Each structure stands twice: as structure tokens, then as C-alpha cells.
Amino acid sequence: MTSDLTRLLAREMAALVRAGETSSRALTEAHLAVAERQNLALNAWLMIDREGALSQADAADAILGEARRAGGAALEALHPLLGIPVGLKDLISVEGGQCTAGSRILAGYRAPYDAHIVERLRRVGAVLLGKTNMDEFAMGSSNEYSAYGPVSNPWDLDTVPGGSSGGSAAAVAAHHVPLALGTDTGGSIRQPAALCGIVGMKPTYGRVSRYGIVAFASSLDQIGPFARDARAAAALLHAIAGRDARDSTSAPVPVPDELLHLPESDDEAVAWLRGRRFGLPREYFVAGMDPDVERRIHESVAFLVDAGAHVEDVSLPHTDYGLAAYYIVAPAEASANLARYDGVRYGHSRRLEGGDFIADYLATRGEGFGAEVKRRIMLGTYALSAGYYDAFYLKAQKVRTLIKRDFDEIFASGIDALVAPTSPSVAFRFGEKTADPVAMYLADACTLPVNMAGLPGVSIPCGLSEGLPVGLQLIGSAWSELLLFRAARAFEGLTAGAAWRGLEPAALTKADHASGLTPAERAAALAAAR
Ligand code: GLN
């Protein structure tokens, strides 16, 4: 094992702290050091909570020490996340802490309570390292729409990490934390996981309580885990999933404990594949897709077939309408959810002379929201307005039903999971898609339908294209997260010997030196971007 604690997998960290060979404090210190050092280059963190994290680490060490003294069963009973650092996307409420959602309009706002998932993480003794950067209100696919400056991809600092949970994905890929949480409304966990070369899962709608999460599009939003391997992501999902009475859409569906016991051995993991049926949806190989990405997906499929799985061509005929329908439904819900930022109740507030409430309201929102958020509010308000509601919103909801039906039919036919690309391209360069909103929207063409249907999907690394990570997406029927993680774990087993598996993100050394800029230059550039 390496002596650098940040290079270990989450379960190796857990084993070391249990054995008393290292402490949660040492683990936390090691991660804080690399996060603080590299954040100037990556801008993955909007807040690093050194003090809070170290005190949580000390609390974890006390529990670990007691369990070690009690021995056997007490040690066994400890949760695998006890004492392990976790990053939180900055739209997750932590009592008394910032929660900007990447927006100027929430600058200075303090969350009055913990989100459900934060309560869960505290209960298992995870260490909350800080809040990660994101596209404003989770709208975007590149993290360039954060009011606090863009995030760099640890594989190439001139490219985007994907979005909107780009800070969480970059932080995990760069070993600032072994685990992080994001939200996925149309792809915002899976797409950045793909672009940063890590594992990211969007659970079934209703699997995780959204209580205490800043809402974007309430019928699509789901919280999910990022990690560098399937087992760690599954353990994190296990910790946060389950019914919460405060979110009426969270479902009373049991969370399988097997999520904590994915196979240790590669052979056992791979054996699970024998006789499984996977579908390869032809519509996911979209026009304009990077041919080298397509090649990686087909190579991955060949691996599955070699291991005894059946892969069949399938069709999801309404896929093409997913993008258009999503960009009606999501902005419509966003326009309603964002109406609460009125400068009166919380967040940024502009008071003009003269006491005209409407003028104050317009000024507050005019200054507080960025261009993409304003675009969505306008689109959504228009789609919901009298006379257009039937033509746009209602029509989009009907299309949504058709998309869901496509998936239902496939899974009813006995297909275990679908295999598809996560993103049509690898990480793109800053500015490449910001001039054309539709080009940016296309980045999620392969992930949006899953949200429209409320299904689970996971992105796992499957190789590189021109030195940048490619993600393989596995999509399952509702509540099939365990099956998806078993498939993901099997794929890890199949590719354990691949040359790309052991590679570190190529730009980490550069990140240590702030991408060629002096710290002052980088700070000035970031300040200008803000
Ligand atoms: N990129 C999509 C959008 O901008 C999805 C974002 C998300 O999943 N939060 O809406």
C-alpha cells in the first residue's frame, strides 16, 4: 500500500482506521492538505471546512478507539464511512453553513438546518470536508455557469470537469476526498463522473430524500454518490438512501444491505455477468458523437460478451424527443422553484431608493441570477403561461410518458440493464460550448431520458480517448441500484488489468503549481471570473 493516504480506496482507508494503523484525523489532514494546495488551480471547492472536518475526525477517532478496546463485534458494527472524508455539492444544507447553489443570489445565506442526507452522514460518522463548486442552481454541463468561477478538470486544466456537479467530480478525481455527493437532474452526476474518470450514480427518483437540497426541477432532481470505485459509491448510497417523511416523494422501498457487500474478488464479481442480458440502445449513439468514445463503448461491450453476458441491440424510439421535452419540463419547474428568491425572504437583496417593491424585486433578481438561470426562468415561465401550457408543458409531459414506456417495455422483455455512452464526447475546452446554449444542452442527450423516466443510472470509467476519460453508462429499471453496482463492480473486475486503470489524472502535478500561473495570478483570474 502507498504511504499517501489520499491514494487509497475508501474501504482501504476504513480498514486502516479500524485497525488503528492511522487515524481519521491523519486521513482528514492529508486530504485537507491536497485540497487546499490544489484548489487554486482546480477551484473545485467553494468552502473547505478545516476546523469542522478536524473536529468531526476527532469524534470519529474517539468512537474508533472505544470500538477497538471493546473488540470484535463492536469493530464489526462500525459503518464503513466512519471517519472518512466526504465532499458536498454546495446546494446541500449544512446547519449554519453556506449554501450558495453556485449563485450570487444565495451569497451570505446560512442554512438553518441539516439536509436529510447530512443527518445521515453525521449519524454514520463521516467527515464533512467542505462544499463543492457547481453550475448556478445546477443548470449546466460544464461548471462554467458557476457565479464563483469555473472548475478545471484534473486530467487537463484547460478543459471542463462537466457539470453541474463538476466540483464534486473534480475533487474525487484529484484525491481531495474519496467520496462526494452531487445532484442529477438531467445528467449532473453521471456526465461529470464520466469526464473526470470516476464512478457516479443517479439513483431511482425517490430513493434519496431531497429534504434540505436547493431545488432545481423537483420531479427530476436526485442526489447521488461519486467515488473512485463501485464499492465506495455503493456504500455512500447505502448511507443516504431510504424513506424520509419530510420528502413526500421519498419512497418506502427497502435499501438493500448488499450494497455494503459487493464482491471483494474480481473473479467473483465477473462471474455474476454470466447469462445476464444487456441492451444496447441504438438511439444513444447520437449524431455528432466522438468516434473514439463510440469505440471505447463497443470495446466495453465486447468485454461483457467475453465474460458470458448477452448484449442485444434494442431501440428506445422516443429518445430523440428527450432533450426537447426536458428543456420544457426542467425550466418550467425551475421557474416556479426560483420564484422564492425575491430579495425579501432570504439571500441577496437590493433595496433601491423610493421603496418601490417591484423595482427592488427586479434589481435583486437582475443582479443575483446569471444569464443561464435567467434564460431558464424565461423559458419556463413562457411554457407555463396561459395559452401555451397545453402546447408546451402538457405536451412535454406526454412525451415523458412515452419515454418512460420505452424503458418499461425493454425491462419487461427481460433485459437486466442498458449499456450506453454517458457523454457523446470527452471533456471539452473552456468556452467551447458557452456561446451556443443548445450545444451545451446536447452534452446531456444520453443522460436526460433516464431522469425523465425516473430510473437509476451509473457512469463508470471505461478507458481514455486522447488522454481523457470516457464513461460507460449502465441504466436499470426502478430500484435496481444494487444490480447496477454489481454490473459496475463486474466491469471493474474485467478491466482490472487495463493500462488506463492505474493512471492518475494527468494534470495533478500542474494543479499543485496552479496551472503555470502564480497563485496571485490565478487568484486574480478567478476573482475576475466572479
Ligand atoms: N445539463 C442539464 C441542465 O443544464 C442537467 C443539469 C443537471 O442534471 N442538474 O439542465
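None of these values were measured; they are calculated from a predicted model. Order of listing sets the numbers, starting from 1, for every ligand and every atom in it. Each residue takes its place number in the sequence, starting with 1.
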field: Ser146 side-chain N/O to Asn143 backbone N/O, donor-acceptor pair under 3.5 Å
entry: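 Side chain of Ser146 to backbone of Asn143: no pair is present.
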message: Evaluate Lys89 for polar contact with ligand 1, using N/O atom pairs at a separation under 3.5 Å.
response: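 In this structure, Lys89 places no N or O atom under 3.5 Å from an N or O of ligand 1.
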field: Minimum-distance pair of heavy atoms, taken over all atoms of Ser218 and Asn337
entry: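 It is OG-ND2, 3.0 Å.
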Under 4.0 Å to a heavy atom of Gly186 - the qualifying atoms of ligand 1, by number: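 Under 4.0 Å from Gly186, ligand 1 has these atoms: 5 (C), 7 (C), 8 (O).
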- prompt: Picking from Asp184, Thr422, Thr447, what satisfies side chain to side chain donor-acceptor pair (under 3.5 Å) with Arg190?
  reply: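 Only match with Arg190 under side chain to side chain donor-acceptor pair (under 3.5 Å): Asp184.
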Pair Tyr326 + Tyr441: ring centers closer than 6.0 Å: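 Aromatic pair excluded; centres sit 6.0 Å or further apart.
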query: For ligand 1, is there an N or O atom under 3.5 Å from any N or O atom of Gly187?
result: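 Yes, there is a polar N/O contact under 3.5 Å.
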query: Is any N or O atom of Met139, backbone or side chain, closer than 3.5 Å to an N or O atom of ligand 1?
result: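 N/O-N/O distance below 3.5 Å does not exist for this pair.
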field: side-chain hydrogen bond (donor to acceptor under 3.5 Å, both in side chains) evaluation trace for Gln191 with Asp444
entry: CA-CA 7 Å; Gln191 186 254 12; Asp444 287 315; 4.9 Å; no
query: Which is it for Asp444 and ligand 1 at heavy atoms under 4.0 Å: side chain, backbone, both or neither?
result: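 The side chain, only.
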Check against side-chain hydrogen bond (donor to acceptor under 3.5 Å, both in side chains), Tyr205 and Arg210: CA-CA 10 Å; Tyr205 184 78; Arg210 291 176 292 111; 3.0 Å; yes
Sub-4.0 Å atoms of ligand 1 with respect to non-hydrogen atoms of Ser141: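 Going through ligand 1 atom by atom, the ones under 4.0 Å from Ser141 are 1 (N).
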- request: Determine whether any heavy atom of Met440 lies closer than 4.0 Å to an atom of ligand 1.
  value: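 Outside the 4.0 Å threshold, so no.
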- request: Name the orientation class of the two ring planes belonging to Tyr341 and Phe137 (parallel below 30°, tilted from 30 to 60°, perpendicular beyond 60°).
  value: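 It falls in the tilted class, 30° to 60°.
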message: Once you restrict to heavy atoms under 4.0 Å, what part of Arg376 touches ligand 1? Side chain, backbone, both or neither.
response: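 It is the side chain that gets close, since no backbone atom is under 4.0 Å.
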- prompt: Of the backbone atoms (N, CA, C, O) and the side-chain heavy atoms from C-beta on, which set of Tyr326 has a member under 4.0 Å from an atom of ligand 1: side chain, backbone, both, or neither?
  reply: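 Looking at Tyr326 and ligand 1, just side chain atoms fall under 4.0 Å.
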- prompt: Hey, does Tyr327 sit under 4.0 Å from ligand 1 if you only count heavy atoms?
  reply: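 Right, Tyr327 reaches ligand 1.
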query: Relative to the heavy atoms of Phe216, which atoms of ligand 1 are at a distance of less than 4.0 Å?
result: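 Those qualifying, in numeric order: 9 (N), 10 (O).
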- prompt: Is Asp184 in polar range of ligand 1, meaning some N or O pair under 3.5 Å apart?
  reply: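 The answer is no, given that Asp184 and ligand 1 share no N or O pair closer than 3.5 Å.
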task: Consider ligand 1: state whether an atom of it lies below 4.0 angstrom from any non-hydrogen atom of Ser164.
output: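 Ser164 counts as a contact of ligand 1 under the 4.0 Å cut-off.
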task: Mind telling me whether Phe407 and Phe411 have parallel, tilted or perpendicular rings, with 30° and 60° as the class edges?
output: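 It falls in the parallel class, under 30°.
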message: Could you work out, with salt bridge (charged side-chain N to carboxylate O under 4.0 Å, His left out) as the rule, every residue matching Asp156, not counting sequence neighbours?
response: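 Applying salt bridge (charged side-chain N to carboxylate O under 4.0 Å, His left out) to Asp156 gives none.
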- prompt: Looking at Ala138, which atoms of ligand 1 are within less than 4.0 Å of one of its heavy atoms?
  reply: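 The atoms of ligand 1 under 4.0 Å from a heavy atom of Ala138 are 6 (C), 7 (C), 9 (N).
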field: Atoms in ligand 1 flagged as close to Gly140, the criterion being non-hydrogen separation under 4.0 Å
entry: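 Contacts of ligand 1 toward Gly140, numbered from 1: 1 (N), 3 (C), 4 (O), 6 (C).
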message: One pair to check against side-chain hydrogen bond (donor to acceptor under 3.5 Å, both in side chains): Asp244 and Ser250. What are the steps and the verdict?
response: CA-CA 6 Å; Asp244 165 28; Ser250 86; 5.6 Å; no
Closest protein heavy atom (residue, atom, distance) for atom 7 (C) of ligand 1: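 Going by distance alone, atom 7 (C) of ligand 1 is nearest to Ser188 OG, 2.4 Å.
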